[in-house]
Trainee: 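So that we are looking at the same thing, I have put the structure below in C-alpha cells.
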Amino acid sequence: MLHDGDGKAASHGLDCAPLALHKPPTVIMRLSRYFLTTLKETPAEAKIVSHRLMLRAGMVRQASAGIYSWLPLGFRVLRNIENIVHEEMAAAGAQAVLMPTLQLADLWRESGRYDAYGPEMLRISDRHDRDMLYGPTNEEQITQIMRDDIRSYRDLPRNLYHIQWKFRDEIRPRFGVMRGREFLMKDGYSFDLDFEAAKRSYNIMFVAYLRTYARMGLKAIPMQADSGPIGGDLSHEFVILADTGESAVYADKRLFDMDPHADDVDFEGDLEPIFKKWTSLYAATDEKHDPTVCSVEGENLVEARGIEVGHIFYFGTKYSEPLGCAVTMPDGEKRLIHGGSYGIGVSRLVGAIIEASHDDAGIVWPDAVAPFNVALINLKSGDEVCDAVANDLYAKLSDAGVQVLHDDRDERAGVKFADMDLIGLPWQLTVGPRGVKAGTVELKRRAGGDKEELSIDSALSRILDFDS
Ligand code: ATP
Ligand code: MG
C-alpha cells in the first residue's frame, strides 16, 4: 500500500532513507475542503471514455491542446503509478536519476537526430541564440553522461532511468492524456559491452515490465514492434486491448491467459526462458504483422485495437558510435557500448487504466493505483453520533496506512454516492444515522458493487484484511 500525506514512509523505491524521527500530524482529507470539482455533464470535446471520466472526475484540466494540469485527485493516481514503476525498477536493479527537460541542439546534431526528428520536436533558442529543444526522449543525453563518466569495461553494465516530462508536438493531440503533447514518461537506458550482455539487460526490462503492468491491474502483452525514430532491430511494445486504442494488433489468444507473476523471478539469473515463453506465441503490432508468418488462425487469433503503454528497444551502437561512447578493454582496445532504451507512458497509463476499468457510473480503480483506498461517506455530517463514528473510522484506517477520503459535505445522499461512484475509489464505507444506532455501517466494493451492512469492527477488518 502506498502512503503519503500522513507522514508514513512513501514507498517510492528511491534510494533515500525515510526520516522516521519526525512524523507530521495526520491531516484529515475532508471532501468539504478538498479541491475536487466533479461534472455531471459529459464534456463535448472528450471522445473516449477515459478522457470523459478524467474530466468529469476532476482529475485534470486542459491548459492548451495536449497539455494538462493535474489536479489533486489525478495527481495522486499519477504518483501511485510512478511509485509502482520506481519499485519495480529498483527490484530489477535500475537506478533512478533525473535529467533536464531542455537539451542542447548540438548534442542532437552529434547523433544526427536534430534534423531527422522533424516537426514533433519543440525547438527553442535561449537569450544567446543557442539552439535548444524540449526533449522528446533522452538517448543522446544519457549517452553523453556515460561517455563522460565510464572508462573501463568494468564499469558495465549500467541501467539508469528517470521519470520526466517529455514534449512531442504531436500533429493530432487527442484523447486527453493518452496522446498529449506534454506527457510523463519513464525512460530507462541500459549500457553493455556486447549484444549478449545487452540482451540480458533487455530481458531484465522485459520481465520487469510484465510485472509492473500486472501490479497496476493491467494485462499488457509484449508484441513485436517497429522501432521508429529510436531505431534498432529488437523491439517490443507492451499493449493493452481497448476498442479506443490507436494501433491494430494481432496476437495468439493464449497470451491473454498467461500470468506475469507465475514465474519466480531472479533478476540476477537467466531470464531467457521467461522471455521465450512470452515471445514464442505470436503477437505483433500493425507495422510488424505479417500474415505469411503468423500461424495462428481463426478464433485463436485475437485481432483487436490496443493502447501502447510501453516500448522497449535494443539499438546496439546506434548512439554510442556517433557520440563516441566507448570503454577500454583489458587489452587496451576501445569498444563501443551497446545500448537499449525502455519507455513507459506514465501519464498515458492513467487513461489506459480507466479504459480498462470503468462502468456506466464512473471509474473503477484497481486497488494499487486508486487515489484513495476508501471513500468514507458520512450521510449526516454535523450529527454528533455520525461524526464520531466517521472520525473514529478515519483514524483507525489511516493509522493502519489506508488512504481515506472523508465525504463530510452537507449534500444529499444521492449526490454523494454518485460522486463516489464517479471517482471510483475501491471501497465505499457509509455511515448513516439509522445504521449507527444499531452499530452498523454499509460497506460497498466499487468493483462489482456488492453491498453489506456490517458491524463497525467487521467493516474495518474487511478492509484491513483485504489490503494487507
Ligand atoms: P506512439 O506510437 O503512441 O506515438 P511512440 O512509439 O512514439 O508512441 P515511444 O517513443 O515508444 O512512443 O515512447 C514510450 C512510451 O511513451 C509509449 O509506449 C507511450 O506509452 C508513451 N507515449 C508516447 N507518446 C505519447 C504521447 N504523445 N502522449 C502520451 N504518452 C505517450
Ligand atoms: Mg513506441
Side-chain angles (χ1 to χ4, degrees), residues 45-47 51 54 60-71 74-75 78 81-82 85 97-145 147 160-189 225-232 235 237 246-247 307-313 315 318-319 322-323 339 341-352:
E45 75 270 26
K47 301 280 178 265
H51 189 195
M54 285 183 75
V60 290
R61 287 292 177 262
Q62 184 172 313
S64 66
I67 303 180
Y68 290 85
S69 296
W70 291 79
L71 302 182
F75 189 49
L78 197 65
I81 292 172
E82 281 186 60
V85 172
V97 296
L98 183 58
M99 291 178 270
T101 50
L102 293 181
Q103 306 182 31
L104 281 178
D106 280 343
L107 183 62
W108 285 64
R109 291 196 174 102
E110 283 188 55
S111 72
R113 279 210 293 183
Y114 189 66
D115 294 324
Y117 215 95
E120 272 190 20
M121 182 188 278
L122 181 64
R123 294 151 210 263
I124 309 162
S125 55
D126 69 10
R127 67 199 297 164
H128 306 293
D129 285 331
R130 243 186 317 245
D131 293 333
M132 302 194 74
L133 57 101
Y134 195 119
T137 176
N138 283 63
E139 280 80 10
E140 283 79 356
Q141 198 155 64
I142 192 87
T143 305
Q144 181 188 41
I145 294 171
R147 168 177 82 186
L160 302 178
Y161 76 96
H162 65 171
I163 296 180
Q164 181 225 34
W165 293 94
K166 301 287 182 283
F167 194 92
R168 294 182 186 173
D169 207 348
E170 301 276 0
I171 187 161
R172 229 157 41 112
R174 57 180 185 156
F175 299 161
V177 300
M178 294 277 234
R179 182 161 299 281
R181 293 197 297 162
E182 189 183 50
F183 60 96
L184 193 60
M185 194 202 284
K186 170 261 163 183
D187 44 322
Y189 305 89
D226 204 36
S227 51
I230 311 277
S235 177
E237 275 178 17
E246 290 185 286
S247 17
I307 301 169
E308 177 192 331
V309 290
H311 196 166
I312 61 177
F313 311 81
F315 47 69
K318 180 176 156 84
Y319 298 95
L323 289 159
S341 71
Y342 313 92
I344 292 181
V346 174
S347 51
R348 175 179 288 182
L349 271 166
V350 180

Trainee: About how many Å separate OG1 of T137 and OH of Y117, when rounded to the nearest 0.5 Å?
Mentor: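 Here the rounded value is 6.0 Å.
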Trainee: Looking only at heavy atoms, which two atoms of I307 and M178 are closest? And how far apart?
Mentor: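 Distance-wise, the nearest heavy atoms are CD1-CE, 3.5 Å.
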Trainee: Side-chain donor-acceptor contacts of residues 62-71 below 3.5 Å, not counting sequence neighbours, with atom names and distances?
Mentor:
unit_1	atom_1	unit_2	atom_2	d
Q62	OE1	Y68	OH	3.4

Trainee: State, to 0.1 Å, how close L98 and I163 come at their nearest heavy-atom pair, and which atoms those are.
Mentor: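 That closest heavy-atom pairing would be CD1-O, 3.9 Å.
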Trainee: For the residue pair A352 and V309, what are the closest heavy atoms and their distance?
Mentor: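 Where A352 meets V309 most closely, the heavy atoms are CB-CG1, 3.8 Å.
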Trainee: Taking all atoms of both residues into account, what is the closest heavy-atom pair of S111 and E140, and its distance?
Mentor: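 Smallest heavy-atom distance, with atoms named: OG-OE2, 2.6 Å.
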Trainee: Could you check whether any side-chain N or O of S341 sits under 3.5 Å from a backbone N or O of G188, counting only pairs where one atom can act as donor and the other as acceptor?
Mentor: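 Such a contact is absent between S341 side chain and G188 backbone.
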Trainee: Does E139 pair with R113 as a salt bridge, N-O distance under 4.0 Å?
Mentor: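 Looking at E139 and R113, the cut-off is met.
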Trainee: List the atom pairs, donor and acceptor, that lie under 3.5 Å between side-chain atoms in residues 119-128 and the rest of the protein, sequence neighbours left out.
Mentor:
unit_1	atom_1	unit_2	atom_2	d
R123	NH1	Y114	O	2.7
R123	NH2	Y114	O	3.2
R123	NH2	G118	O	2.8
D126	OD1	H128	N	2.9
D126	OD1	D129	N	3.3
D126	OD1	R130	N	2.9
D126	OD2	R130	NE	3.3

Trainee: Between N138 and M99, which heavy-atom pair has the shortest distance, and what is it?
Mentor: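 That would be ND2-CB, 3.7 Å.
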Trainee: When you compare the side chains of R147 and Y319, does any donor N or O come within less than 3.5 Å of an acceptor on the partner?
Mentor: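 No, because no side-chain N or O of R147 sits under 3.5 Å from a partner of the opposite role on Y319.
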Trainee: Could you tell me whether a side-chain N or O of K186 sits under 3.5 Å from a main-chain N or O of Y342, the two making a donor and an acceptor?
Mentor: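 Side chain of K186 to backbone of Y342, a donor-acceptor pair under 3.5 Å: yes, one is there.
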Trainee: Under the salt bridge (Lys or Arg N to Asp or Glu O under 4.0 Å) rule, what do R174 and E246 come out as? Steps first, then yes or no, please.
Mentor: CA-CA 11 Å; R174 57 180 185 156; E246 290 185 286; 2.8 Å; yes
Trainee: About how many Å separate CZ of F183 and CZ of R348, when rounded to the nearest 0.5 Å?
Mentor: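 One gets 7.5 Å once the value is rounded to the nearest 0.5 Å.
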